[in-house]
A.B. asks: 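Take this structure, written in structure tokens, and hold onto it; I'll ask about it next.
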Amino acid sequence: MSTSGQPQFRYTQTPSKVLHLRNLPWECTEEELVELCKPFGKIVNTKCNVGANHNQAFVEFADLNQAIQMVSYYASSSEPAQVRGKTVYIQYSNRHEIVNNKSPGDVPGNVLLVTIEGVEAGDVSIDVIHLVFSAFGFVHKIATFEKAAGFQALIQFTDAETASSARNALDGRSIPRYLLPEHVNSCSLRISYSAHTDLNIKFQSHRSRDYTNPYLPVNPTAMEGLLQPALGPDGKKKEPESNVLLASVENMQYVVTVDVLHTVFSAFGTVQKIAIFEKNGGTQALIQYPDVTTAAVAKDALEGHCIYDGGYCKLHLSYSRHTDLNVKAFSDKSRDYTIPDSSLLAVQQVPVLPAAPTVWQNSQAASMYPGNEYAAATAVHSQVSAGQAPSWNPTMQAGRSTYMQVPSTFPGQTYPASPVPAYGTAATPVGSSPLLHSSPVSPVVASVTMTQPGFHTNVRPSGASPPNQPPYYGQ
DNA sequence: AGCACA
């Protein structure tokens with residue numbers, strides 16, 4: 001009102017709680033703005049990426065004096081205001097409040113509203129959603145529902161920072177195909193912030209989970225695949241889910257060692273224990289994960305796949321009745337990776353220094369979002385977090401840089417001197433292959449022969465074959 | 001490097 005009609009000159013501009021900032025770096029984030037301005041007072045609102053070049057912004061202080069403090073500080077300072085090394089020019093805005101700053105969905109909070117486009121509600125299980133979002137931090141609760149917008153989920157994180165890292169990384173991306181039913185072609189995530197801060201989950205069910213409260217009652221009607229046998233799609237009784245998988249190996253042309261299994265199954269999370277045994281003339285193995293979710297994903301991803309190309313060592317997976325295996329810590333038929341102090345086995349236990357098998361785990365994680373969707377970024381994350389749990393371990397907290405758009409470098413290149421066990425060479429493609437192949441029926445190991453740019457370093461084609469093991473390609 | 005609902 002008072003400013004209308006007349007051009008404003010900077011020396012006549014009247015102070016305002018709202019400051020206009022220009023010459024900001026491209027796509028300057030709200031965090032960067034707040035970082036710059038908060039020493040002078042409480043910021044109640046911002047508007048970023050304003051102007052044709054998206055290099056201007058507005059910041060509104062709670063109090064006029066705070067804005068005056070900032071302007072006068074930089075007016076007399078020898079150090080200009082800077083963001084990312086760029087000098088930022090600050091002046092009073094000719095408005096007195098930031099209006100209609102954001103649509104509600106853009107106000108950061110700890111709860112995300114995720115719309116999963118292109119799928120039916122039944123196509124994406126809550127376990128898959130949990131797995132995908134757990135890469136960024138502990139997921140407290142999930143509630144799914146169907147609205148006009150489609151299949152949606154509310155996902156509660158500890159804080160807005162975690163939620164926004166997940167949002168920034170996943171908004172507009174797709175859930176990897178191998179986590180979805182075959183008939184799903186595309187499925188993109190639209191993510192905004194919910195106004196909720198704490199979801200009220202009443203039951204553990206196929207549509208809602210509270211991971212902070214494992215003792216929450218299971219909804220008897222909505223329950224599916226939890227704790228008790230449920231009916232599968234074919235109407236037959238479905239075995240109860242378990243964190244332990246029973247794998248039977250069909251057409252076992254080559255010996256399947258503990259190490260091979262470990263490499264294969266580590267692609268989906270921390271493998272705690274493995275036991276191999278003979279039954280009915282065939283070879284079976286039990287693979288223990290920390291949780292049912294990881295086991296479920298591994299089961300779905302690996303079922304029917306072959307460890308070695310050419311249809312050899314085909315895996316058939318079911319849930320074991322066991323929940324905690326009692327195995328010898330180190331024998332040729334069993335392994336307990338939770339024993340922390342063995343130098344041979346400690347790699348599972350978040351070592352301080354990267355160790356070869358851990359790097360491999362991360363190589364696996366790197367390929368979790370293959371192709372043009374997540375590609376290069378995940379690899380870099382692998383470097384960053386080498387030595388930690390793989391990305392898809394739901395307990396892992398370090399996934400925030402996972403999906404940055406950065407040039408591709410694979411962890412294998414980061415530790416060229418790392419001793420890579422030969423068995424790792426043989427088995428590594430197994431874990432990565434279902435990810436690299438859109439077709440779930442591809443032999444697991446086939447990625448070895450692929451020449452997909454940017455991915456070849458992931459599979460160590462030059463590694464030696466293990467003693468007493470055939471080459472895993474050709475044959 | 002100079003003001004945002006288009």
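Naming: A, B, ... by sequence-line order, numbering from 1 per chain.
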A.B. asks: Identify, residue by residue, the members of residues 56-65 of chain A with a heavy atom below 4.0 Å from DNA chain B, and return them in order of residue number, or none.
C.D. replies: A/Q56, A/F58
A.B. asks: Mind calculating the distance between NE2 (A/H54) and C1' (B/dC3) to the nearest angstrom?
C.D. replies: 14 Å
A.B. asks: Inspect the surroundings of NZ in A/K202 and state if more than 12 heavy atoms from other residues, nucleotides or ligands are less than 6.0 Å away.
C.D. replies: no
A.B. asks: Quick one: A/N49 CG to B/dA6 P, roughly how many Å, whole number?
C.D. replies: 18 Å
A.B. asks: Rounded off to whole Å, could you give me the CD1-to-C1' distance for the A/I90 and B/dA1 pair?
C.D. replies: 13 Å
A.B. asks: Which whole-number value in Å describes the distance from A/Q91 CD to B/dA1 C1'?
C.D. replies: 9 Å
A.B. asks: Enumerate the residue pairs fulfilling ring pair (Phe, Tyr, Trp, His ring centres under 6.0 Å) with a member in residues 15-39 of chain A, sequence neighbours excluded, ordered by first and then second residue.
C.D. replies: A/H20-A/F58, A/W26-A/H54
A.B. asks: Scan for ring pair (Phe, Tyr, Trp, His ring centres under 6.0 Å) pairs involving residues 102-127 of chain A, sequence neighbours excluded, and state none if there are none.
C.D. replies: none
A.B. asks: Please state how far atom CD in A/E97 lies from atom C1' in B/dC5, giving the value in whole angstrom units.
C.D. replies: 14 Å
A.B. asks: Search all heavy atoms of A/I201 against all heavy atoms of A/S208 and return the closest pair with its distance.
C.D. replies: CG2-OG, 3.7 Å
A.B. asks: Mind telling me whether A/F133 and A/F157 have parallel, tilted or perpendicular rings, with 30° and 60° as the class edges?
C.D. replies: tilted
A.B. asks: Return the orientation label for the A/F40 and A/Y73 ring planes: parallel under 30°, perpendicular over 60°, tilted otherwise.
C.D. replies: tilted
A.B. asks: Going through the checks in order, is the side chain to side chain donor-acceptor pair (under 3.5 Å) test met by A/Q152 and A/R190?
C.D. replies: CA-CA 9 Å; A/Q152 296 188 301; A/R190 289 291 156 206; over 6 Å; no
A.B. asks: A/K47 NZ to B/dC5 C1': how many Å, rounded?
C.D. replies: 8 Å
A.B. asks: For the pair made of CG in A/L19 and P in B/dC3, what is the distance, rounded to whole Å?
C.D. replies: 15 Å
A.B. asks: Take atom NE2 of A/H20 and atom P of B/dA1, then tell me their distance rounded to the nearest Å.
C.D. replies: 13 Å
A.B. asks: Please indicate yes or no: is the ring centre of A/Y89 less than 5.5 Å from the centre of the six-membered base ring of B/dA1, with the two planes inclined by under 30 degrees?
C.D. replies: yes
A.B. asks: Specify the residue among A/K86 and A/V18 whose closest nucleotide of DNA chain B lies further upstream toward the 5′ end.
C.D. replies: A/K86
A.B. asks: Can you tell which of B/dC3, B/dC5, B/dA1 lies closest to the side chain of A/S93?
C.D. replies: B/dC3
A.B. asks: If each of A/N23 and A/G51 is mapped to the nucleotide of DNA chain B with the nearest heavy atom, which maps nearer the 5' terminus, i.e. the 5' end?
C.D. replies: A/N23
